[in-house]
Undergrad: 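Please read through the structure below; I'll follow up with questions.
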There are 4 protein chains.
Amino acid sequence: MNGNRFGRLFQVTTFGESHGEAMGVTVSGCPAGLELSEEDIQRDLDRRKPGQSKITTSRGEPDAVSIKSGLQDGYTTGTPIGMVIENKDARSGKYEPFITAPRPSHGDFTYSAKFGTRNWGGGGRSSARETVNWVAAGAIAKKLLAREGVELKAHVNQIDDIEAPAVSFAEMVEHSEENPVRCGHPETAEAMRERIDEYQEQGDSIGGSIEFRAEGVPVGLGAPRFDSLSARLGQAMMAVPATTAFEFGLGTEATTWTGKERNDDWEFDDDGNPVPVENDHGGIQGGISSGEPIYGEVTLHAPTSIPKEQQTVDWETGEEKTEQVIGRHDPVLPPRGVPVVESMLALTLVDFMLLSGRINPDRVDGDVGEYDTDYHPSSPRNE
Amino acid sequence: MNGNRFGRLFQVTTFGESHGEAMGVTVSGCPAGLELSEEDIQRDLDRRKPGQSKITTSRGEPDAVSIKSGLQDGYTTGTPIGMVIENKDARSGKYEPFITAPRPSHGDFTYSAKFGTRNWGGGGRSSARETVNWVAAGAIAKKLLAREGVELKAHVNQIDDIEAPAVSFAEMVEHSEENPVRCGHPETAEAMRERIDEYQEQGDSIGGSIEFRAEGVPVGLGAPRFDSLSARLGQAMMAVPATTAFEFGLGTEATTWTGKERNDDWEFDDDGNPVPVENDHGGIQGGISSGEPIYGEVTLHAPTSIPKEQQTVDWETGEEKTEQVIGRHDPVLPPRGVPVVESMLALTLVDFMLLSGRINPDRVDGDVGEYDTDYHPSSPRNE
Amino acid sequence: MNGNRFGRLFQVTTFGESHGEAMGVTVSGCPAGLELSEEDIQRDLDRRKPGQSKITTSRGEPDAVSIKSGLQDGYTTGTPIGMVIENKDARSGKYEPFITAPRPSHGDFTYSAKFGTRNWGGGGRSSARETVNWVAAGAIAKKLLAREGVELKAHVNQIDDIEAPAVSFAEMVEHSEENPVRCGHPETAEAMRERIDEYQEQGDSIGGSIEFRAEGVPVGLGAPRFDSLSARLGQAMMAVPATTAFEFGLGTEATTWTGKERNDDWEFDDDGNPVPVENDHGGIQGGISSGEPIYGEVTLHAPTSIPKEQQTVDWETGEEKTEQVIGRHDPVLPPRGVPVVESMLALTLVDFMLLSGRINPDRVDGDVGEYDTDYHPSSPRNE
Amino acid sequence: MNGNRFGRLFQVTTFGESHGEAMGVTVSGCPAGLELSEEDIQRDLDRRKPGQSKITTSRGEPDAVSIKSGLQDGYTTGTPIGMVIENKDARSGKYEPFITAPRPSHGDFTYSAKFGTRNWGGGGRSSARETVNWVAAGAIAKKLLAREGVELKAHVNQIDDIEAPAVSFAEMVEHSEENPVRCGHPETAEAMRERIDEYQEQGDSIGGSIEFRAEGVPVGLGAPRFDSLSARLGQAMMAVPATTAFEFGLGTEATTWTGKERNDDWEFDDDGNPVPVENDHGGIQGGISSGEPIYGEVTLHAPTSIPKEQQTVDWETGEEKTEQVIGRHDPVLPPRGVPVVESMLALTLVDFMLLSGRINPDRVDGDVGEYDTDYHPSSPRNE
């Protein structure tokens with residue numbers, strides 16, 4: 001197993017290395033009848049792509065997606081959606097010094113130790129470039145979720161010790177894409193930006209965190225025990241490169257809350273359905289969605305690629321040496337991590353929508369009871 | 001999918017409800033040739049079982065495991081190990097009030113909403129009692145890991161705001177089982193114990209956290225990307241009932257560390273192999289184990305079952321009402337959570353040991369090259 | 001992987017050896033709300049159990065199933081259904097000679113060679129006794145399918161060279177359980193019975209085949225390509241012990257049919273829906289069910305356990321020797337194989353019913369849109 | 001699930017439609033260190049490609065594979081191998097009449113009925129063109145198997161009622177690629193060729209079968225029960241387009257063999273290991289490979305695309321009509337099916353080689369015990 005697959009019914013399979021010919025992702029299990037175009041996907045790819053601002057790497061990648069299969073007349077057909085994104089601006093030369101002299105805290109050593117070799121250009125398979133595939137798949141998941149009334153968003157809520165105050169979902173949506181830091185609180189974004197610049201000037205990098213939120217999630221997603229919604233979100237988010245912590249609901253703060261404080265009493269809503277009076281539980285109870293918004297946080301450590309001099313060893317020559325990772329690198333990860341976190345959230349939720357029968361696995365309209373001649377034209381002539 | 005399965009090659013499948021006739025777990029994928037007895041498993045079950053002390057529920061469960069299959073002459077055979085643990089002290093009566101009036105922040109509502117019904121006695125399938133199955137399976141995983149030199153342990157490092165100072169692996173092993181809180185630092189354990197008593201007397205409960213550590217983990221466990229060691233640990237740990245956060249390495253603290261601070265330089269060990277000079281990376285680089293100890297932390301919120309009066313609604317009668325969850329409940333979860341966390345850690349690691357070829361999937365000695373007549377006697381007559 | 005799991009959404013996990021303490025099977029993924037009792041399962045177990053007639057082994061197993069979990073008030077809850085069947089009449093002594101001297105064409109050698117050991121009593125894990133688990137799981141699948149209008153049946157259509165003429169589904173249902181051979185054509189059954197007696201008297205055994213048929217299968221089951229309905233039926237049926245061939249539709253006869261002969265033209269049915277005029281395609285087109293009955297055939301070789309003297313070697317002593325497998329064995333497999341084949345057919349179809357959204361994975365009535373208080377009582381008080 | 005995945009550890013994921021922009025396949029789980037080039041794959045693609053002779057479709061596809069990832073310096077890296085094959089000669093126009101008027105016994109109706117739409121050009125996803133992906137993946141599997149001493153081959157052993165006499169593995173290898181029918185018996189090949197011509201001249205098509213054989217398969221592949229080698233081969237082969245029967249060993253002939261006749265006695269080989277004196281069991285006992293050659297047969301029905309006039313209905317206009325599938329079609333499937341069958345055999349075997357620890361999942365040389373600096377150069381400079 002190569003770790004390149006995600007999802008049980010909404011299945012993502014990826015390939016590609018940072019400096020290889022192309023990145024690619026196949027999405028299987030997307031039901032038929034979803035209107036889909038390359039533009040739908042490109043929108044999110046552009047949010048993740050390098051070169052957006054001074055605080056992202058200057059690598060010049062258009063990240064243009066090409067859909068190779070799975071569509072008919074602009075709608076999904078229920079068969080695999082193959083997508084390819086070509087790599088255009090790979091410059092492997094500067095990675096030669098690291099071939100046998102691993103960069104500190106990178107995947108250089110562990111990949112080589114595990115496999116006895118590795119694709120070393122630009123970090124190869126271990127590069128965060130690979131998340132371009134996740135975002136392409138996530139864009140499809142988001143579109144499918146939106147059709148069902150599920151909306152989700154992430155933003156950067158902390159850089160170093162600068163923490164954004166609580167923002168509403170609406171604020172997160174409105175403001176987080178207006179500033180290069182992708183923080184939903186504009187003033188904090190400005191302070192974060194300055195802090196990042198400071199570290200960048202020092203040839204260093206810094207950590208931060210991303211807050212995510214999903215609204216409109218129906219009751220009943222998640223399976224008991226090992227496949228609880230929180231467990232699967234845990235896997236999804238901990239897979240995001242550089243993640244060292246995943247929290248949902250109160251997160252680590254739950255240590256100091258009493259049961260009485262944290263428990264959410266029940267009341268009736270206007271339709272007479274039981275609803276919790278608060279949402280300290282983070283939208284998940286017993287591993288299953290409660291109908292309340294799902295929210296949580298992901299911590300991303302500082303980028304390991306820094307211009308500052310570091311110590312390493314060359315396992316081939318047996319020499320100790322210093323090295324500098326000079327090149328095109330992000331001084332902080334959360335800003336470009338936002339669409340990645342959103343994608344993993346979307347992929348996890350859409351999978352559970354299918355697993356719980358909320359979305360029909362064959363057709364988005366769920367009508368599989370009889371043969372459907374009108375539903376969706378098989379041919380442009382019918383439109 | 002019922003969420004009752006864990007593991008890709010070392011596969012765990014569970015059944016059972018809190019007040020049902022029995023709990024059960026089938027372990028598939030354990031190689032042949034591992035010496036195994038019910039005692040090996042009972043040892044860990046006894047650490048998890050109720051009634052150990054005043055700070056655990058007084059439910060009287062012997063939790064006696066019976067192995068139904070998978071052994072020959074005291075050794076595993078490579079075929080499924082079926083285990084059953086009978087429930088002896090179920091008293092469902094006191095759960096009747098909650099059938100249609102969900103307890104705050106429990107799984108009562110979400111299970112009923114998802115399935116339209118639920119096994120309600122003692123919380124049914126949503127009860128943490130189900131982790132008895134995990135611990136039984138984990139005991140086998142631990143034994144297999146120990147054979148390969150992998151040792152692991154967890155202890156309670158925080159209750160409310162009382163945090164234990166850093167302890168070594170040796171201290172964790174030596175002290176954590178000496179006190180009912182399962183904290184590896186005896187003085188802190190005492191303070192934690194007092195704090196728990198206070199909350200218990202108030203009819204309330206409190207949160208806490210568990211620290212885990214694995215030593216002797218070989219380089220190379222974990223697959224790139226979605227199946228990284230950290231991602232799979234994330235799923236494993238977030239599945240532990242009441243968990244709201246998972247951290248490894250620096251965890252949430254990584255937000256304020258710079259790249260230079262967090263990066264671990266490389267040096268040669270005495271054998272001339274590259275090793276990191278520190279372990280701020282938590283034993284995982286690029287999603288793959290680095291050979292350094294793996295450590296992390298899990299936050300468990302306060303138990304939701306508390307004697308204090310709470311508000312709820314009855315969806316059948318349409319009435320708002322108050323309820324008290326009087327009975328046999330833990331005032332804090334981490335002490336009994338320790339063997340559960342250890343089990344999930346063990347199950348995750350052993351699975352990767354198989355996936356990376358470190359443990360042979362057919363036989364523990366790995367010799368599958370020729371027909372083996374001496375290796376392990378097929379019959380007691382040969383011993 | 002131990003090969004003890006079947007199904008993607010309707011998941012079966014088994015344990016147990018022929019002479020072990022108990023057999024067991026956990027069914028995960030059965031939706032909530034299916035009325036279910038031990039009697040529903042026992043009915044099929046009784047059809048598979050030994051000692052039914054002179055042409056089945058005389059081993060005295062009641063094969064009494066005990067459901068340990070997954071029910072509330074006689075209905076499934078959507079959580080795992082654990083079942084245990086105790087072994088009562090194990091007599092391992094006579095298997096001692098085979099511990100290191102493998103019986104011809106049994107699994108004795110391959111199990112020991114693979115695992116370096118094996119559970120040898122009664123054939124251990126390799127014994128067809130293990131199919132008791134399959135039939136228990138299959139009985140649940142059948143009940144769920146019947147609720148959706150899918151009916152299925154198998155019968156013995158050939159023993160040695162005695163072949164039954166074509167029988168209708170109704171005849172298969174009506175007659176196949178009236179005679180010990182389980183052939184849907186009574187006169188042929190009589191001839192088969194005599195032939196079996198002849199071989200049994202000679203201390204030998206004989207092969208045969210089972211025909212299966214499913215009616216009422218909706219259009220649209222099966223996924224394109226690797227998970228086509230025919231591919232998954234292929235796996236399911238080839239897993240049946242002693243199976244050497246699987247055919248559907250025309251089977252091996254298709255070699256001599258031209259395209260024009262085999263192709264089924266289209267016409268409209270009374271409701272104006274396209275239907276094929278014939279069913280030479282066996283109910284599957286492009287790997288997906290066409291709405292026509294699904295039919296096929298499975299060949300089972302002669303039982304390998306025969307009283308006749310055979311040659312073997314003892315790998316421990318290095319001696320060549322003769323051996324006789326005297327004991328309680330079936331002279332022919334298809335009669336007891338009928339419920340096994342039906343079970344595998346049912347498990348395959350129900351899995352696709354879930355995968356294609358025909359059956360809701362959470363609740364059998366498919367209503368997951370709103371919280372359901374009336375649907376199924378959570379408590380006996382409500383009945 | 002889209003049915004586009006095969007394999008547990010050696011994982012294949014495909015995309016693409018007959019007349020889409022490109023076909024694609026990602027192979028995950030191939031260990032590092034296998035020398036691999038596009039030529040290795042092209043060789044088998046050329047055997048499957050259209051336009052090889054008069055008895056294959058004249059569609060002009062170069063079927064040129066492009067490897068997009070997974071290599072370093074000509075060796076696999078243990079990370080996903082992404083491959084893309086562009087479609088060059090798609091002419092969809094002639095498929096317009098079938099959009100809403102399904103071709104007899106094709107997947108036109110079932111795909112549209114399941115998904116409410118379909119990619120209709122050239123049969124879209126249901127076209128056998130998709131097997132180009134399987135052959136590309138299979139070529140890698142074959143290369144890996146050859147390294148371990150496992151050789152496999154298939155040939156056409158029957159067309160209509162013309163059956164080839166038994167041929168040895170050597171003959172199969174030597175002769176089957178010399179004639180356009182791909183029969184290992186040259187004289188029979190000639191007769192088959194004439195028979196095919198006759199049907200083609202009549203505007204009709206005909207069925208046939210393929211025999212396969214694997215030599216050098218080690219003892220111990222296959223898991224007990226549901227994942228027996230025969231069960232997984234059953235799935236693999238029944239997934240081959242147009243397959244209606246799968247047999248291994250004696251196949252359907254086993255009905256008339258007695259236990260005594262079919263059972264294979266044991267003797268010692270020259271090294272003192274137990275070996276069966278014959279191989280009527282087809283290389284699999286108890287679901288696990290015995291070390292003897294594995295052999296079997298697959299029946300492929302006649303191609304459904306024929307020039308002869310057939311009856312159909314248009315579900316949109318409500319009209320009954322006749323149609324002719326005039327174009328570029330194969331009059332018989334087995335000749336081009338040979339590399340497809342070989343691929344599925346190779347994919348199944350290589351998966352079990354990994355599952356049983358015969359091939360190390362990380363590196364082909366199996367040495368994962370220590371960090372390997374010499375093993376395989378990470379850089380061209382080291383060669």
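Bear in mind that the values here come from a model prediction, so they are computed numbers and not experimental data.
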Undergrad: At a heavy-atom separation under 4.5 Å, does B/E278 approach chain A through its side chain, its backbone, both, or neither?
TA: neither
Undergrad: Which distance, rounded to the nearest 0.5 Å, do you find between the CD of A/E323 and the CG of B/D265?
TA: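 If we round to the nearest 0.5 Å, A/E323:CD and B/D265:CG are 9.0 Å apart.
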Undergrad: How far apart are the C-alpha atoms of A/R232 and B/Q235, what are their side-chain angles, what is the distance that settles it, and do they pass the side chain to side chain contact (heavy atoms under 4.5 Å, CB included) test?
TA: CA-CA 6 Å; A/R232 287 294 176 181; B/Q235 183 200 351; 3.5 Å; yes
Undergrad: Based on non-hydrogen pairs under 4.5 Å, which of A/W134, A/F268, A/Y111 is most in contact with chain B?
TA: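 Ranked by contacts with chain B, first place is A/F268.
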Undergrad: Applying side chain to side chain contact (heavy atoms under 4.5 Å, CB included), run through A/N4 and B/R225 and close with a yes or a no.
TA: CA-CA 6 Å; A/N4 67 327; B/R225 324 300 335 180; 5.5 Å; no
Undergrad: A/F6: what forms a ring-ring contact (aromatic ring centres under 6.0 Å, His included) with it, not counting sequence neighbours?
TA: B/F226
Undergrad: If you count heavy-atom pairs under 4.5 Å with chain B, which of A/E267, A/E320, A/M238 comes out on top?
TA: A/M238
Undergrad: Calculate, to the nearest 0.5 Å, the distance between atoms CG and NE2 belonging to A/D280 and B/H301 respectively.
TA: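 Rounded to the nearest 0.5 Å, the CG-NE2 separation comes out at 11.0 Å.
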Undergrad: Mind jotting down which residue pairs meet the salt bridge (charged side-chain N to carboxylate O under 4.0 Å, His left out) criterion with at least one end in residues 297-312 of chain A? Sequence neighbours excluded, please.
TA: A/D204-A/K308
Undergrad: Under 4.5 Å between any side-chain heavy atoms of A/I306 and B/K260, yes or no?
TA: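 Yes, at least one pair of side-chain atoms sits under 4.5 Å.
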Undergrad: Between A/F246 and B/E247, is any pair of side-chain heavy atoms under 4.5 Å apart?
TA: no
Undergrad: How far apart are the closest heavy atoms of B/P224 and A/R125, and which atoms are they?
TA: CB-CG, 4.4 Å
Undergrad: So, for B/A254 and A/T244, which heavy atoms are closest and what is the spacing to 0.1 Å?
TA: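 Minimum heavy-atom contact is CB-OG1, 3.5 Å.
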